[in-house]
Q: 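Let me begin by handing over the structure; questions about it come next.
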Amino acid sequence: MTGKRNLYSQLFLRIAIAVTMLSAVADRLGFWGKNSAWGNWENFEKYTGQLTFFLSKGLQIFSAYAATFLEILLPLLLLIGFKTRLAACGAGFLLLIFALSMTIASGAKAPLDYSVWVGSAAAFLLANQEKYSLTIDNLTKKI
């Protein structure tokens with residue numbers, strides 16, 4: 001029974017991390033309407049500028065696009081279970097960067113309220129699994 005519990009727990013963890021990250025992208029693209037943190041791309045760029053205050057304006061905008069690209073790519077890889085370990089490590093580091101930036105720029109409350117530290121820790125936990133269940137990785141392994 002332990003194997004089945006781990007199988008479903010691992011799948012739930014992959015889905016939870018992926019959906020959470022994709023939800024943040026949906027927010028900045030305006031899909032959440034009034035129930036949003038940013039609501040549109042312009043507000044997200046301003047927020048990114050606040051978090052990356054130490055960068056030039058051009059690098060702040062680049063950071064917004066790079067973060068969004070990675071917040072789409074990594075969750076999609078997690079959802080389908082392709083390059084799962086790499087995607088989980090990437091998500092863990094990306095969320096860690098977000099948590100540190102939010103803490104430095106806004107104080108400790110913001111990343112705690114949005115559970116960014118928990119998301120990062122969860123992604124690193126997923127990255128350290130010995131093997132992955134229900135993934136494309138398993139289908140492409142050479143026997």
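Side chains included, hydrogens not; waters and symmetry mates left out as well; all remaining heavy atoms used.
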Q: Is it the case that the side chain of Thr52 and the backbone of Leu55 share a donor-acceptor pair, with hydrogens and angles ignored and the cut-off at 3.5 Å?
A: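 Such a contact is absent between Thr52 side chain and Leu55 backbone.
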Q: Any side-chain to backbone donor/acceptor pair from Gln10 onto Lys131? Under 3.5 Å, distance only.
A: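 It does hold such a pair.
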Q: Consider only side-chain heavy atoms of I, L, V, M, F, W and Y, link residues closer than 4.5 Å, and tell whether Leu77 and Phe69 are in one cluster.
A: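 Yes.
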Q: Does the side-chain contact (heavy atoms from CB on, under 4.5 Å) test come out yes or no for Arg14 and Leu79, once each step is laid out?
A: CA-CA 6 Å; Arg14 281 183 21 228; Leu79 283 175; over 6 Å; no
Q: Hey, does the side chain of Glu45 reach the backbone of Ile61 with a donor-acceptor pair shorter than 3.5 angstrom?
A: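 No, Glu45 side chain to Ile61 backbone: no donor-acceptor pair under 3.5 Å.
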Q: Just by distance, do the side chain of Asp137 and the backbone of Thr84 share a donor-acceptor pair under 3.5 Å?
A: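 Yes, Asp137 side chain to Thr84 backbone: donor-acceptor pair under 3.5 Å.
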Q: Compare all side-chain heavy atoms of Leu29 with those of Thr68 and state whether any distance is below 4.5 angstrom.
A: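 Contact flag for Leu29/Thr68 side chains = no.
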Q: Is the shortest side-chain heavy-atom distance between Met102 and Tyr47 below 4.5 Å?
A: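 In short, these two side chains touch, coming nearer than 4.5 Å.
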Q: Check whether any side-chain heavy atom of Val116 sits under 4.5 Å from a side-chain heavy atom of Leu96, and report yes or no.
A: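 When only atoms from C-beta onward are counted, Leu96 and Val116 do not touch, as no gap falls below 4.5 Å.
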Q: Looking at Ala127 and Arg85, what are the two nearest heavy atoms and their distance?
A: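 Scanning both residues, the minimum pair turns out to be O-NH1, 2.7 Å.
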Q: Report yes or no: do Leu86 and Leu126 belong to one cluster of Ile/Leu/Val/Met/Phe/Trp/Tyr joined by side chain heavy-atom distances under 4.5 Å?
A: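 The answer is no; the residues belong to distinct hydrophobic clusters.
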Q: What's the verdict on side-chain contact (heavy atoms from CB on, under 4.5 Å) for Val25 and Phe31, showing C-alpha distance, side-chain angles and the deciding distance?
A: CA-CA 9 Å; Val25 173; Phe31 293 140; over 6 Å; no
Q: Tell me if the CH2 atom of Trp38 is crowded by more than 12 foreign heavy atoms within 6.0 Å.
A: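 Yes.
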Q: Quick check: do Gln60 and Leu51 have side-chain heavy atoms less than 4.5 Å from each other?
A: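 They are not in contact (no side-chain heavy atoms under 4.5 Å apart), so the answer is no.
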Q: Can you find a pair of side-chain heavy atoms, one from Leu7 and one from Leu11, that are under 4.5 Å apart?
A: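 No, their side chains stay 4.5 Å or more apart.
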Q: For the backbone of Leu95 and the side chain of Ser120, can you confirm whether one donor and one acceptor N or O come within less than 3.5 Å of each other?
A: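 Not at all, since once roles are kept as given, no pair shorter than 3.5 Å links the two residues.
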Q: Between the side chain of Tyr132 and the main-chain N/O of Lys83, is any donor-acceptor distance below 3.5 Å?
A: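 Not confirmed, Tyr132 side chain does not pair with Lys83 backbone.
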Q: Using 4.0 Å as the upper bound for N to carboxylate O, is an ion pair formed by Arg28 and Glu71?
A: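 Between Arg28 and Glu71 there is a salt bridge, with a charged N closer than 4.0 Å to a carboxylate O.
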Q: Are side-chain heavy atoms of Asn40 and Asn43 found at a separation under 4.5 Å?
A: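 Heavy-atom side-chain distance check passes, below 4.5 Å.
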Q: What distance separates Lys46 NZ from Glu42 CD, expressed to the nearest 0.5 Å?
A: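 Taking NZ in Lys46 and CD in Glu42, the distance rounds to 8.0 Å.
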Q: Would you say Leu13 and Gln129 make side-chain contact, with heavy atoms under 4.5 Å?
A: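 They are not in contact (no side-chain heavy atoms under 4.5 Å apart), so the answer is no.
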Q: Report the C-alpha distance between Thr135 and Thr140 in whole Å, list the side-chain angles of each, state the deciding distance to 0.1 Å, and finish with yes or no for side-chain contact (heavy atoms from CB on, under 4.5 Å).
A: CA-CA 9 Å; Thr135 63; Thr140 60; over 6 Å; no
Q: State yes or no: do Phe62 and Leu94 share one hydrophobic cluster built from I, L, V, M, F, W and Y residues joined by side-chain heavy-atom distances below 4.5 Å, directly or via other members?
A: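 No: no chain of side-chain contacts under 4.5 Å links Phe62 to Leu94.
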Q: Between Ala88 and Leu78, which heavy-atom pair has the shortest distance, and what is it?
A: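 Answer, listing the atom of Ala88 first, then Leu78: N-CD2, 3.8 Å.
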Q: Could you tell me if the ring centre of Tyr65 sits under 6.0 Å from that of Trp41?
A: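 That pair passes the under 6.0 Å test.
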Q: Is it true that Leu70 and Phe82 fall in one hydrophobic cluster, defined by side-chain heavy atoms closer than 4.5 Å?
A: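 Yes, Leu70 and Phe82 fall within the same hydrophobic cluster.
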Q: Is the backbone N or O of Ser36 less than 3.5 Å from a side-chain atom of Asp27, with the two atoms forming a donor-acceptor pair by type?
A: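 Pair absent, no side-chain N/O of Asp27 close to backbone of Ser36.
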Q: Flag yes if Ile72 and Leu74 sit in one hydrophobic cluster, no otherwise; membership is Ile, Leu, Val, Met, Phe, Trp, Tyr, and two members link when side-chain heavy atoms are under 4.5 Å apart.
A: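 As far as the 4.5 Å side-chain criterion goes, Leu74 and Ile72 are connected within one cluster.
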Q: Side chain of Ser23, backbone of Val19: donor and acceptor closer than 3.5 Å?
A: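 Here the side-chain-to-backbone pair does not exist.
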Q: Would you indicate whether Phe54, at its atom CZ, is surrounded by more than 12 heavy atoms from other residues, nucleotides or ligands within a distance under 6.0 Å?
A: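 Yes - once you tally the heavy atoms of other residues, nucleotides and ligands closer than 6.0 Å, there are more than 12.
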Q: Are the side chain of Tyr114 and the backbone N or O of Lys109 linked by a donor-acceptor pair below 3.5 Å?
A: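 Not at all, since once roles are kept as given, no pair shorter than 3.5 Å links the two residues.
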Q: Kindly state whether the ring of Phe93 and the ring of Phe124 have centres lying under 6.0 angstrom apart.
A: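 Under 6.0 Å, so yes.
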